[in-house]
*Asks:* 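Sharing a structure below in structure tokens format, with a few things to ask.
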Amino acid sequence: MHHNISNNHSFIVTKLATNNITTTNMNFFSLIFFLLQHVHIFELTIATAMFIALRAWRSKRHHGLPIWPILGMLPSLLYGITTNLYEWLSEVLIRQNGTFTFQGPWFASLDCVLTSDPRNLEYLLKTKFSSFPKGRFFRYTLRDLLGNGIFNADKEAWQRQRKTVSLEFHSTMFRNLTAESLLELVHKRLLPLLESCVNKSRVIDLQDVLLRLTFDNVCMIAFGVDPGCSQPHLPDIPFATAFEDATETSMRRFITPVWMWKFMRHLNVGVEKRLKESIEKVDEFAESVIMTRKKELALQHDKSDLLTVFMRLKDENGMAYSDKFLRDICVNFILAGRDTSSVALSWFFWLLHMNPQVEEKILAEICRVVLSQREGLKKEEVVVGSCLAFRPEEIKKMDYLHAALSEALRLYPSVPVDHKEVVEDVTFPDGTVLLKGTKVIYSIYTMGRMESIWGKDCKEFKPERWLRENGHFMSESAYKFTAFNGGPRLCLGKDFAYYQMKYAAASIIFRYRVKVLENHPVVPKLALTLYMKHGLKVNLQRRDAAEIDKYFKV
Ligand code: HEM
């Protein structure tokens with residue numbers, strides 16, 4: 001038989017009286033013993049559960065999420081993972097005015113401060129840059145995949161790499177190489193591939209095609225090799241699947257108690273086994289690139305790609321860089337240059353599909369720019385399907401396209417969250433106190449969805465917000481638009497990435513309408529970069545001459 005709580009109380013009092021025991025002379029343990037004997041365990045459990053739930057619920061008001069005994073905020077995080085983690089996180093951050101402290105389970109090392117407040121971003125990325133390195137925890141978590149490469153390095157190791165890469169990226173030779181390689185890849189691979197899909201009315205995964213394109217491109221400019229991944233027959237590249245798997249499983253470590261993933265790694269089971277296997281395949285590819293390059297150098301081939309530059313350099317002890325370090329350089333550059341631009345372009349094409357008026361404006365701009373740059377242009381030269389190739393100065397003049405890509409990156413930043421660790425006690429501009437060793441995660445994804453930064457229409461895709469009245473592109477502070485990071489660790493490939501994305505997008509839009517398959521699910525994947533979980537399945541429709549003519553007559 002069950003009693004309700006108030007009945008229960010009188011029941012205990014009666015029992016106490018009949019047993020001639022008073023609460024004053026009864027010690028704590030005998031009371032517990034007495035209660036256990038006489039109160040139904042079920043009722044006690046319900047009462048305790050209700051008490052705990054009430055307390056957890058009340059803590060939500062102050063801390064943003066309910067805090068449970070032992071588990072901390074883990075149940076909410078698990079819920080977030082099963083839905084859309086970035087949307088879930090944004091909802092919490094916005095409710096908490098841009099900053100909140102995540103309290104993980106006991107002994108899990110998951111505690112951290114999360115922020116999307118531009119004042120804090122400027123503080124940690126620029127003002128107090130040296131107090132916010134990547135830190136030991138994050139470096140250790142990503143060490144198996146990224147090693148000591150630029151993304152995962154701090155202090156001198158980072159500075160040395162940054163200096164070398166920066167010099168290389170700003171050289172005329174590099175700029176020429178990027179323009180040439182892109183021209184070749186787009187015209188000899190991407191467009192013939194798309195054309196054959198149109199002819200056969202074949203559905204393609206545009207994200208996969210773009211990943212192949214940027215993979216070939218980054219390998220050509222960074223390591224001087226062409227893996228041929230974007231060839232029209234779409235060869236099977238085991239490296240690509242392994243690499244995606246490795247970024248996904250590495251990300252999982254951030255939401256798994258440290259002792260747990262370390263234990264799994266030790267036993268080589270589950271996700272950790274998958275990670276190990278994928279890293280082995282990634283390493284195989286990097287090793288083959290390094291070996292090829294070394295052989296060519298021995299034969300005195302004159303190469304000037306980034307990998308060769310590093311091979312010729314000496315480390316802090318005057319020794320040549322080890323093969324392991326060269327491997328780290330390869331993996332970091334593939335992550336930097338392959339995934340970021342292609343996933344950004346995938347989200348961009350999806351947003352265009354949803355906003356056809358923006359697509360029309362881009363097409364109008366492409367035609368206008370080409371017309372204004374090429375005096376006496378003959379109609380045959382611009383006929384659809386022709387080999388018209390955009391010139392670098394034309395790409396630079398496409399301000400509306402630049403704005404539309406920035407808008408896509410604002411809403412779907414390729415690096416959705418990033419991390420730091422503070423090395424001294426500091427206070428954020430918003431008043432949050434950070435003790436030495438606190439882990440900080442900043443959500444770039446959330447920043448694009450904050451009314452306080454972008455206004456009431458922040459969730460809408462509006463390239464116009466990036467344009468001045470004269471139609472020229474207007475850049476935004478890196479601490480509000482943090483898709484390319486900011487301060488001393490600002491993305492080194494930003495200019496190249498815009499050029500590459502604009503070139504590929506303009507070449508596609510000029511020739512085709514990209515239609516996403518009806519009911520194709522578009523959701524982000526939980527990985528280091530914002531892949532679309534199910535790719536982007538599209539149909540391409542060739543534009544007819546009249547469509548283009550319309551703009552050339554203006
Ligand atoms: C849409 C395209 C791109 C986006 C959104 C992007 C974004 C970013 C972000 C957020 C970071 C900071 C990462 C961190 O410190 O954790 C970064 C760093 C970097 N990016 Fe990019 N990136 C893009 C394209 C590229 C390309 C194409 C390259 C080169 C081929 C490149 C090279 C780098 C390098 C070398 C760094 C490291 C900078 C440092 O730590 O000092 N990025 N990028």
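Both ligands and their constituent atoms are indexed starting at 1 by order of listing.
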*Asks:* Examine the proximity of ligand 1 to Thr340 and report which part, side chain or backbone, both or neither, has a heavy atom under 4.0 Å away.
*Replies:* both

*Asks:* Could you list which atoms of ligand 1 come closer than 4.0 Å to a heavy atom of Ala336?
*Replies:* 24 (C), 25 (C), 26 (C), 28 (C), 31 (C), 32 (C), 33 (C), 42 (N)

*Asks:* To which protein heavy atom is atom 11 (C) of ligand 1 closest, and what is the distance rounded to 0.1 Å?
*Replies:* Asn485 CB, 4.0 Å

*Asks:* Can you list the ligand 1 atoms lying under 4.0 Å from a non-hydrogen atom of Phe333?
*Replies:*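 Those qualifying, in numeric order: 35 (C).
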
*Asks:* Which residue holds the protein heavy atom closest to atom 18 (C) of ligand 1, what is that atom called, and what is the gap in Å?
*Replies:* Phe151 CE2, 3.5 Å

*Asks:* With heavy atoms of Phe169 as the reference, note each atom of ligand 1 found under 4.0 Å away.
*Replies:*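 Result: 29 (C), 30 (C).
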
*Asks:* If you have a sec, work out which protein heavy atom is nearest atom 40 (O) of ligand 1 and how many Å separate them, to one decimal?
*Replies:*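 Checked against all protein heavy atoms, atom 40 (O) of ligand 1 sits closest to Arg489 NE, 3.1 Å.
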
*Asks:* Please state whether the rings of Phe243 and Phe239 are parallel, tilted or perpendicular, taking 30° and 60° as the class boundaries.
*Replies:* parallel

*Asks:* Numbering the atoms of ligand 1 from 1, which are under 4.0 Å from a heavy atom of Gly337?
*Replies:*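 In order of numbering, the contacting atoms are 26 (C), 27 (C), 30 (C).
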
*Asks:* Please identify which atoms of ligand 1 are closer than 4.0 Å to at least one heavy atom of Ser414.
*Replies:* 5 (C)

*Asks:* Once you measure the plane-to-plane angle for Trp454 and Phe481, does it fall in the parallel (<30°), tilted (30-60°) or perpendicular (>60°) bin?
*Replies:* perpendicular

*Asks:* Considering only heavy atoms, which of Tyr499, Phe496, Phe138, Tyr412 lies nearest to atom 27 (C) of ligand 1?
*Replies:*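 Shortest heavy-atom distance from atom 27 (C) of ligand 1: Phe496.
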
*Asks:* Specify whether His187 and Tyr503 have parallel, tilted or perpendicular ring planes, treating 30° as the upper limit for parallel and 60° as the lower limit for perpendicular.
*Replies:* perpendicular

*Asks:* What is the closest protein heavy atom to atom 5 (C) of ligand 1, and at what distance does it sit?
*Replies:*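 Going atom by atom, the protein heavy atom closest to atom 5 (C) of ligand 1 ends up being Ala483 O, 3.5 Å.
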
*Asks:* Does the structure place the NZ or CZ of Lys420 under 6.0 Å from the centre of the six-membered ring of Phe132, at an angle of no more than 45° from the ring's axis?
*Replies:*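 So Lys420 doesn't make the cation-pi contact.
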
*Asks:* Within the 4.0 Å heavy-atom shell around Arg162, which atoms of ligand 1 are there?
*Replies:*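 Ligand 1 atoms under the 4.0 Å threshold to Arg162: 38 (C), 39 (C), 41 (O).
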
*Asks:* Measure the spacing between SG of Cys330 and CZ of Arg327 and express it to the nearest 0.5 Å.
*Replies:* 9.0 Å

*Asks:* Which residues pass the side chain to side chain donor-acceptor pair (under 3.5 Å) test with Thr529, not counting sequence neighbours?
*Replies:* Asp339

*Asks:* Are any of the heavy atoms in Tyr498 under 4.0 Å away from ligand 1?
*Replies:* no

*Asks:* Check the surroundings of atom NZ in Lys276: do more than 12 heavy atoms from other residues, nucleotides or ligands lie under 6.0 Å from it?
*Replies:*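 Count not over threshold, so no.
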
*Asks:* So which heavy atom in the protein is nearest atom 17 (C) of ligand 1, and how far is it from that ligand atom?
*Replies:*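 Result for atom 17 (C) of ligand 1: Cys491 CB, 3.6 Å.
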
*Asks:* Show me which atoms of ligand 1 lie under 4.0 Å from any heavy atom of Ala497.
*Replies:*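 The atoms of ligand 1 under 4.0 Å from a heavy atom of Ala497 are 2 (C), 24 (C).
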
*Asks:* Hey, is CZ on Arg136 packed in by over 12 heavy atoms from elsewhere, all under 6.0 Å?
*Replies:*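 No - once you tally the heavy atoms of other residues, nucleotides and ligands closer than 6.0 Å, there are 12 at most.
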
*Asks:* Work out whether the distance between some heavy atom of Lys134 and some atom of ligand 1 is less than 4.0 Å.
*Replies:*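 Flag set, Lys134 near ligand 1.
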
*Asks:* How close does the nearest protein non-hydrogen atom get to atom 4 (C) of ligand 1, and which residue and atom is it?
*Replies:*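 Here the closest protein heavy atom is Phe484 CE2, 3.4 Å.
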
*Asks:* Kindly confirm or rule out an N or O of Trp158 lying under 3.5 angstrom from an N or O of ligand 1.
*Replies:*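 N/O-N/O distance below 3.5 Å exists for this pair.
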
*Asks:* So Met532 and Lys525, side chain to side chain contact (heavy atoms under 4.5 Å, CB included) or not? Walk me through it.
*Replies:* CA-CA 6 Å; Met532 285 180 171; Lys525 190 179 195 173; over 6 Å; no

*Asks:* Taking only heavy atoms of Val415 into account, list the atoms of ligand 1 that are under 4.0 Å away from them.
*Replies:* 10 (C)

*Asks:* Under 3.5 Å, is there a donor on one side chain and an acceptor on the other for Thr308 and Asp305?
*Replies:*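 Present: a donor and an acceptor within the cut-off.
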
*Asks:* Please report which non-hydrogen protein atom sits nearest to atom 28 (C) of ligand 1, along with the residue it belongs to and the distance in Å to one decimal place.
*Replies:* Gly493 CA, 3.6 Å

*Asks:* Taking it one step at a time, do Lys361 and Glu464 satisfy salt bridge (Lys or Arg N to Asp or Glu O under 4.0 Å)?
*Replies:* CA-CA 11 Å; Lys361 286 186 188 169; Glu464 285 72 15; 2.8 Å; yes

*Asks:* Between Tyr445 and Arg449, is there a cation-pi geometry (under 6.0 Å to ring centre, at most 45° from the normal)?
*Replies:*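 Satisfied, under 6.0 Å and within 45°.
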
